[in-house]
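Before any comments, here is the structure.
Predicted model, so just to flag it, every value in this text is computed and none were measured. In what follows, every chain begins at residue 1, and chains take the letters A, B, ... in the order their sequences are listed.
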Number of protein chains: 2
Amino acid sequence: MSKGRETRERILAIAEESVLAKGFGATSIEEIISEAGLTKSGFFYHFRDKNELARAMLERYVTANDKVFAELFGRGCELSDDPLQAFLIGLKLLAETLADLPNGHPGCLIASVCYQERLFDREVREITARSVNAWNLFFQVRLEEIAQCHPPAEPVDIAHLAQMMSCITDGGIIMSKVLRDPGILPQQVLLFRSYVKLLFAGTPAVRPALLAG
Amino acid sequence: MSKGRETRERILAIAEESVLAKGFGATSIEEIISEAGLTKSGFFYHFRDKNELARAMLERYVTANDKVFAELFGRGCELSDDPLQAFLIGLKLLAETLADLPNGHPGCLIASVCYQERLFDREVREITARSVNAWNLFFQVRLEEIAQCHPPAEPVDIAHLAQMMSCITDGGIIMSKVLRDPGILPQQVLLFRSYVKLLFAGTPAVRPALLAG
DNA sequence: CATCAACTGTACCCACGGTAGGGTTTTGGA
DNA sequence: TCCAAAACCCTACCGTGGGTACAGTTGATG
């Protein structure tokens, strides 16, 4: 990584931590640069203004998150051919990963931005919506595949169920922070897992082959 | 209501709307007073500083929320003697109430504070933790009562299940805001309801009388 | 008529976002 | 080794807005 990108990355990491703890509006550029060890001019060399910083932070955050999801649920697929089992494994791996975070989950930038939306321009808000939709779709395709071979115990809208994953995650992060108990988030992921299990694993599996053929 | 309390209430209402939309750090006192129609001195007559404003806002918000929960789930108890049915009715009423909000749920102050925690003093953070614990307990006692006469289909920690309600709610609010779809929050409440149903309504009910001896 | 709550008015300090523009060092390639 | 571009630093400045300080005013109430 070139020196420029290194500094940029350092700024983004510091800014993310501060924004998650204090909110975007209360995160001062001066604080960021003093921690990053550079001057105001140095900062504005990398980012035109605070909104561009927000955009870059979000993109960094979303990319990192996408990668984690892809890895954990990809691993689930490696470990089982049944889409339901693969998904359940992915959820368990996610819960374990979250439980292993030393200081708990640092917070969700999307949620942080959402509670300060009037501070940002249209583009930033569109990034948040697009990212959440991408995550929802990620879970939706998996859940639809599951529903095809495991009839749900109750009629349920798969799109809403996919959204539930995002809701549980963001809600769990908030509860963990408010109650200062990092364990809540992984527990909630496991509860979602239990719901998925009750919905799809309670009924006898329909072999995909029968559907396909 | 005396004139003083009226002004105070007006300030709190305006501040809440602004804080939920822009965050606490970005909510300017000047904006509040210009909308409330009073001067800076008038504002500081009512609140020593911004932190005291935050405390008052939270207390107001929590009280209002407590009342709504008590009403809806109290109505559920009126409509059914079975604790499970009463709870399911309460959840449905809650979902309907949320769906009827003209512009969707305005946001959760607890979540807003949580993402700006470093801006607040210890007392404010303790209010948030205490309130959330109270809500969790509210749901926990109901769920424990349910579990006593309806054995759960899967082993589940009732305290975690109670927390799930708070997670779903706060997560649903965030998703509704980010995706600009007010319908998501009530849908998620109904999904939680579906989970509770699958957990407790799938197994034959045990008559409380048998347990009581 | 006195008192107190509920303000207004004025003046000020400082932090912070952001601008402007010239100067300096570091780095990578010809 | 040299040169140009990248990656900064330095200084000075402006406007907004949170927050302080404190004296003065108004209106209801006993």
Among residues 21-30 of chain A, which ones have heavy-atom contacts with DNA chain D below 4.0 Å? none
Please work out which residues in residues 35-51 of chain B have a non-hydrogen atom less than 4.0 Å from an atom of DNA chain D and list them by number. K40(B), F44(B), R48(B), K50(B)
With no hydrogens and no angle check, do the side chains of Q148(B) and E144(B) hold a donor and an acceptor under 3.5 Å apart? no
Decide whether N65(B) and W135(B) meet the rule of one side-chain donor and one side-chain acceptor closer than 3.5 Å.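 No.
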Are the charged groups of [X] and [Y] less than 4.0 angstrom apart, N to O?
X       : Y       : answer
E52(B)  : R55(B)  : no
R122(A) : E126(A) : yes
E31(A)  : K22(A)  : yes
E145(A) : R142(A) : no

Quick one: closest heavy-atom pair of I29(B) and K50(B), and the distance?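 Shortest heavy-atom contact: CD1-CG, 4.1 Å.
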Least distance between heavy atoms, S166(B) atom then N136(B) atom: OG-OD1, 2.7 Å
Classify the ring geometry of F192(B) against Y195(B): parallel below 30°, tilted from 30° to 60°, perpendicular beyond 60°. perpendicular
Anything under 4.0 Å to a heavy atom of chain A counts; send over the first and last such nucleotide of DNA chain C, read 5' to 3'. dC16(C) to dG21(C)
Does any N or O in the side chain of Q188(A) come within less than 3.5 Å of the main-chain N or O of H160(B), such that one atom is a donor and the other an acceptor?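 Yes; at least one donor-acceptor contact below 3.5 Å.
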